[in-house]
Each structure stands twice: as C-alpha cells, then as structure tokens.
2 protein chains.
Amino acid sequence: MSRTSENKTPSLSRVRREREKAATRQRILEAARELFTTEGYAQTSMRRIADQIGYTATAIYHHFKDKDALLNELCLMDFRALFEALRQMDQIPDPITRLRLMGQNYVKFALAHPQQFRFMFLVERPIPGPDQITIDPAEDGYAFLLNNLSEAIELGLFRPEFKDPELLAQIVWSGVHGLAAIHLTAPGKSHPWMELRDPDETARQLSDVVLRGLLREPTT
Amino acid sequence: MSRTSENKTPSLSRVRREREKAATRQRILEAARELFTTEGYAQTSMRRIADQIGYTATAIYHHFKDKDALLNELCLMDFRALFEALRQMDQIPDPITRLRLMGQNYVKFALAHPQQFRFMFLVERPIPGPDQITIDPAEDGYAFLLNNLSEAIELGLFRPEFKDPELLAQIVWSGVHGLAAIHLTAPGKSHPWMELRDPDETARQLSDVVLRGLLREPTT
DNA sequence: AGGCGCACCTAACACCGTTAGATTACTTCA
DNA sequence: TGAAGTAATCTAACGGTGTTAGGTGCGCCT
C-alpha cells in the first residue's frame, strides 16, 4: 500500500533545493572551466576543482559521473555557443558573403576561446559516449553550413562539378578549421621558425581563396 | 699533472657499451610508440612501457628526462618522416602540380599515421622546451613549402595580390591540415550527423579549389 | 687486483581518479 | 513536536600514477 501518494506537491522547498542543486552544479562547472583553461585538463585534479568552491572532491561525483563528464558538459556548452555565433550570420542575404563571414567568425571564435576549441575538436576523448545520444549540438551548426551551401548550389553560383553539399562543407570547413588549429597548437611558437600572420587577415584571405576556387564566375 | 691523458682510445668495448645503450634507448622508444598509439598517451604508464621490455620504470629515466621527453622524441622522428615524404615531391618539375601533390600526400600521411599526427600537432604539450633548440625538424618541411610558393610567385603564376610566401604557406597548409584534423578527431564519428567523404578524394578537390583560388589564369 | 662508473634495481613520496560508508542537514508526514 | 527519510556532503581508503633517492652488481680501466 501507501503508493507514496504520487508526490503532487511542488512543496515550495523542494523546488528551492533543486534550484540550489543546479546552482552548485553550475559553480562546479565554472570552477572546472576556469582550471581546465588555465592549467589544462590533465593537470587539473578533482580535488583542486572542489577546493576552489569549498567542497570535497567526492562531492562532485554527486553531480557528475566522472571527470570526463565535466569535460563533455563544457564541450556541449561551447558547441552551442559557437554555432549560435555562426547562426547570427543568417540575416545576411547574399549566401556567398554569408559563407565568407561564417568562415572568418569561426576562426575568430576559435582564437577567442582557445581552450574550449581545443576541448571541442582537438582533445582525444575516450568515447563519444552513447549516453549523450540526445540532439547532437553540432548537428545544428553543420546543418546550417549545409543549408547555405545547398542554397548557393541551387542558385548556380558554384562551378558545375560541385554538386555535393556534404563534400563542399568538408572542404570549406577544413580551411578555417586548419587555420584555427595551426594558431592554437602552432609548433615553434617559442622558437619561431614560422612567422604566423595575423589570423583575422589570414582567415579573410583564406575564405576569399576557397570561395573563388568554388565559384563559377571569377570574381575581382 | 696527469692531465687525464686526453683519453684517445675508443677502447673497443666502450663503443660496444654505447651501442648497447643506444639499442635499449631505441627499444624504449619502440615500446612507448606501440603503447602510445594503441592506448593513448595519458593512458600509458611508465611502468607498462618498462614491463613491455623487461625493465623497471625508473630505468627509463636513465635514458630520458621524463615522460614528455619520450613523446617529444617520437614527435621529432615523425616530423622527419612526414617532411621526408613531402620532399620526395621535389623532382616534379611543375611547381603547381608539385604543390597539389604535396597537399594530397600531407593528408595521406596524416591518416596513415593518425596517432603520430596527433602527437605532432594536436596534443597540448606543456612547453616546447628550450633544450631542444637544435635544428628545428619542422623547419625543413615548412621551408620546402615556402620555396615552392616563392618559385610559383616568381613565375607569376599567382594573382598579383599574393606576394607573401609566408601568408600563402599558411593558407594552403590550413586547408590540408584542417582536413586531416577533421578526419582524425571527427566529432560524431559514432552517431554520424556528418557523412565524411573519402579523404583522398576530398584532399584532391580541396587542393584544386585552393590552387584555383590562388592562380592568375583560371584553369579548366 | 682494485677502484670506478654505468645501468639497473628497490623503496618511497606525493598525488591522482574513484568508491564505500558514515554523517549531517533538511523536508515530510503523523 | 518528533520520527522517518532522503539528499548533499564528508572521511577514509584503494589502486594507480610520475618521479626521486639511494643502493647493488657487473664490466671496464689502470
């Protein structure tokens, strides 16, 4: 008996508890982000994260499965932020300038949030984890890129041999992604055997080059 | 007195000792490479490396400063191998096809040696370390790329606004580097929200696109 | 033959991620 | 009001990590 009465009441203090739980969860994430970005993932210990907010290391495990779960959650937020930044380009009418600006903003974002970008794309993560099967956050941004390319294809802006949006997406993404990666992990940044050019300027020129290579009509 | 006699003799067994020392050094490197590539850097312990070749973990410290030194030495070898592969393109007369093939082979190398490529470019390493100031191994390859681009510039093959070899190098490198990075760390490789196209084909098309964007005369 | 140094070892330190189980604080209900 | 229960946090510990200090034995050189 006593079917525990369905527990209908929000009970006014239960919700406060939940809000507080969410709050400390957030504080953990903030501390983790701070330390991950300043010290690096491997060099940051659970104990240091906990210390920073006045908890014990084990307390974190009531909010997150393990250390990787922390990293994954942060990555998720960063994916959303990145593609939110890109989506703002949606209002630009011309699909080509839209693509050009998306490329430049991709690089800008990567260099403005270097460690986040590293987490998102450059860290070797054990398994993507089938527990996070929900809506893949990256799908939105990649789909957005695909849509833009499809639109340009249908408008007949590209050379006739370029009809596969997926292939085109991977081509234009490669350029800006590689530029960001080079600036973030530049070998010889200390003993500069390579003079890194200004990233924004390079991104602009790179976008121009790639788009001119794709376009049917040669632009000036 | 007794100025320690200059020690002229190679002493015949001294050299054998040195050869043996170099041999076990090499065996350590091989074991480390094996484990790093199969298990990952962070997941590989000094004790496991030592076990694999019948030593104690501390023995490794007589040959290498620490774990990072192992990684750095392996990276160095891989840099040399990569740029040796690229240098073989030197015999191709036309600088443009030479550049095209360099790009394609860069991607081929990266995907044929995924973990090495990760070590070289994608791993966040603490400090490049001023102890390895010798001839930077990457300089050769990058300088090779620079030379090819300078040659093409002097031949007047590129559009007039492209006169900075350094900038051009970073543009063309970005493309192939990003393509390799995407294929190596592809997010959603498990739940494929993106259909990765064949890397060799993509590399070919990417090289075409970038070079067409750079060239003065539009090619067919 | 005797001394020396090199290559390797054992023991230990401080720290790590993570788990088990106790403890506290607070909500709920009789 | 007080008993019961539960959620959040703690202490203690385990097995493992990179690394250092100091010892051991063997081979080389005088």
Side-chain angles (χ1 to χ4, degrees), chain A residues 1-29 31-32 35-36 39-72 125-127, chain B residues 1-29 31-32 35-36 39-72 125-127:
Chain A
M1 328 345 150
S2 80
R3 307 175 47 232
T4 64
S5 75
E6 305 287 296
N7 192 6
K8 222 164 261 186
T9 59
S11 86
L12 271 178
S13 43
R14 166 101 98 200
V15 333
R16 201 197 51 161
R17 285 253 287 205
E18 274 171 14
R19 192 172 7 225
E20 278 175 10
K21 167 152 187 174
T24 79
R25 213 187 112 96
Q26 213 57 32
R27 292 214 301 150
I28 294 173
L29 281 175
L35 289 172
F36 284 171
E39 314 280 342
Y41 177 70
Q43 285 72 37
T44 300
S45 73
M46 297 297 252
R47 288 165 173 87
R48 293 241 305 123
I49 297 174
D51 277 4
Q52 181 119 331
I53 53 176
Y55 283 119
T56 309
T58 58
I60 300 179
Y61 289 85
H62 266 257
H63 300 268
F64 299 93
K65 180 173 160 290
D66 55 14
K67 198 182 173 188
D68 277 332
L70 278 176
L71 181 63
N72 276 330
R125 211 141 30 270
I127 320 149
Chain B
M1 334 304 159
S2 81
R3 310 177 43 231
T4 65
S5 78
E6 304 288 294
N7 192 7
K8 226 166 254 187
T9 58
S11 87
L12 273 180
S13 43
R14 168 102 98 197
V15 334
R16 200 196 52 160
R17 285 251 288 202
E18 274 170 14
R19 192 171 7 224
E20 276 175 10
K21 168 151 185 171
T24 79
R25 213 187 114 95
Q26 214 57 31
R27 292 213 303 147
I28 293 173
L29 281 174
L35 288 172
F36 284 171
E39 314 280 342
Y41 177 70
Q43 286 72 38
T44 300
S45 74
M46 296 297 249
R47 288 164 173 86
R48 292 241 307 124
I49 297 174
D51 276 5
Q52 182 119 332
I53 53 177
Y55 283 122
T56 309
T58 59
I60 299 179
Y61 289 84
H62 266 258
H63 300 267
F64 299 93
K65 180 174 160 289
D66 54 13
K67 196 183 174 188
D68 276 331
L70 278 175
L71 182 61
N72 276 331
R125 211 144 26 274
I127 319 149

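Keep in mind it's a predicted model, so treat the numbers as computed, not measured. Numbers restart at 1 for each chain; the letters A, B, ... are given by sequence-line order, proteins then strands.
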Spacing between E20(A) atom CD and dT27(C) atom P, to the nearest angstrom: 9 Å
Distance, rounded to the nearest Å, where I49(A) contributes CD1 and dC15(C) contributes P: 17 Å
With R25(B) via side-chain hydrogen bond (donor to acceptor under 3.5 Å, both in side chains) - residues at least two apart: E73(B)
Contact check, side chains of E39(B) and R48(B), non-hydrogen atoms, under 4.5 Å: yes
Side-chain touch Q52(B)/I49(B), heavy atoms, less than 4.5 angstrom: no
Sugar-phosphate only, base, or nothing, as touched by S45(B) at under 4.0 Å among non-hydrogen atoms: sugar-phosphate
Under 4.0 Å protein heavy-atom contact, by nucleotide of nucleotides 18-23 of chain C - B base, S sugar-phosphate only: BB----
Spacing of NE2 belonging to H63(A) relative to OH belonging to Y55(A), to within rounding of 0.5 Å: 6.5 Å
Distance, rounded to the nearest Å, where R19(A) contributes CZ and dC26(C) contributes C1': 17 Å
Gap between atoms CD and C1', on E39(A) and dC16(C) respectively (whole Å): 15 Å
Atom-pair distance (NE2 on H63(A); P on dA7(D)), nearest Å: 13 Å
pair D51(B)-T56(B): side-chain heavy atoms closer than 4.5 Å: no
Length of the CD-C1' vector between Q43(B) and dG17(C), whole Å: 12 Å
Inter-residue atom distance Q26(B).CD - I53(B).CD1, 0.5 Å rounding: 11.0 Å
Interatomic distance, F64(B) CZ vs dT20(D) C1' [rounded to whole Å]: 19 Å
Any K21(B) side-chain N or O less than 4.0 Å from OP1/OP2 of dC6(C): no
I28(A) CD1 to dA8(D) P, straight-line distance once rounded to whole Å: 11 Å
N or O in side chain of T56(A) less than 4.0 angstrom from dC10(D) OP1/OP2: yes
Side chains of F64(B) and I28(B) in contact at under 4.5 Å (non-hydrogen atoms): yes
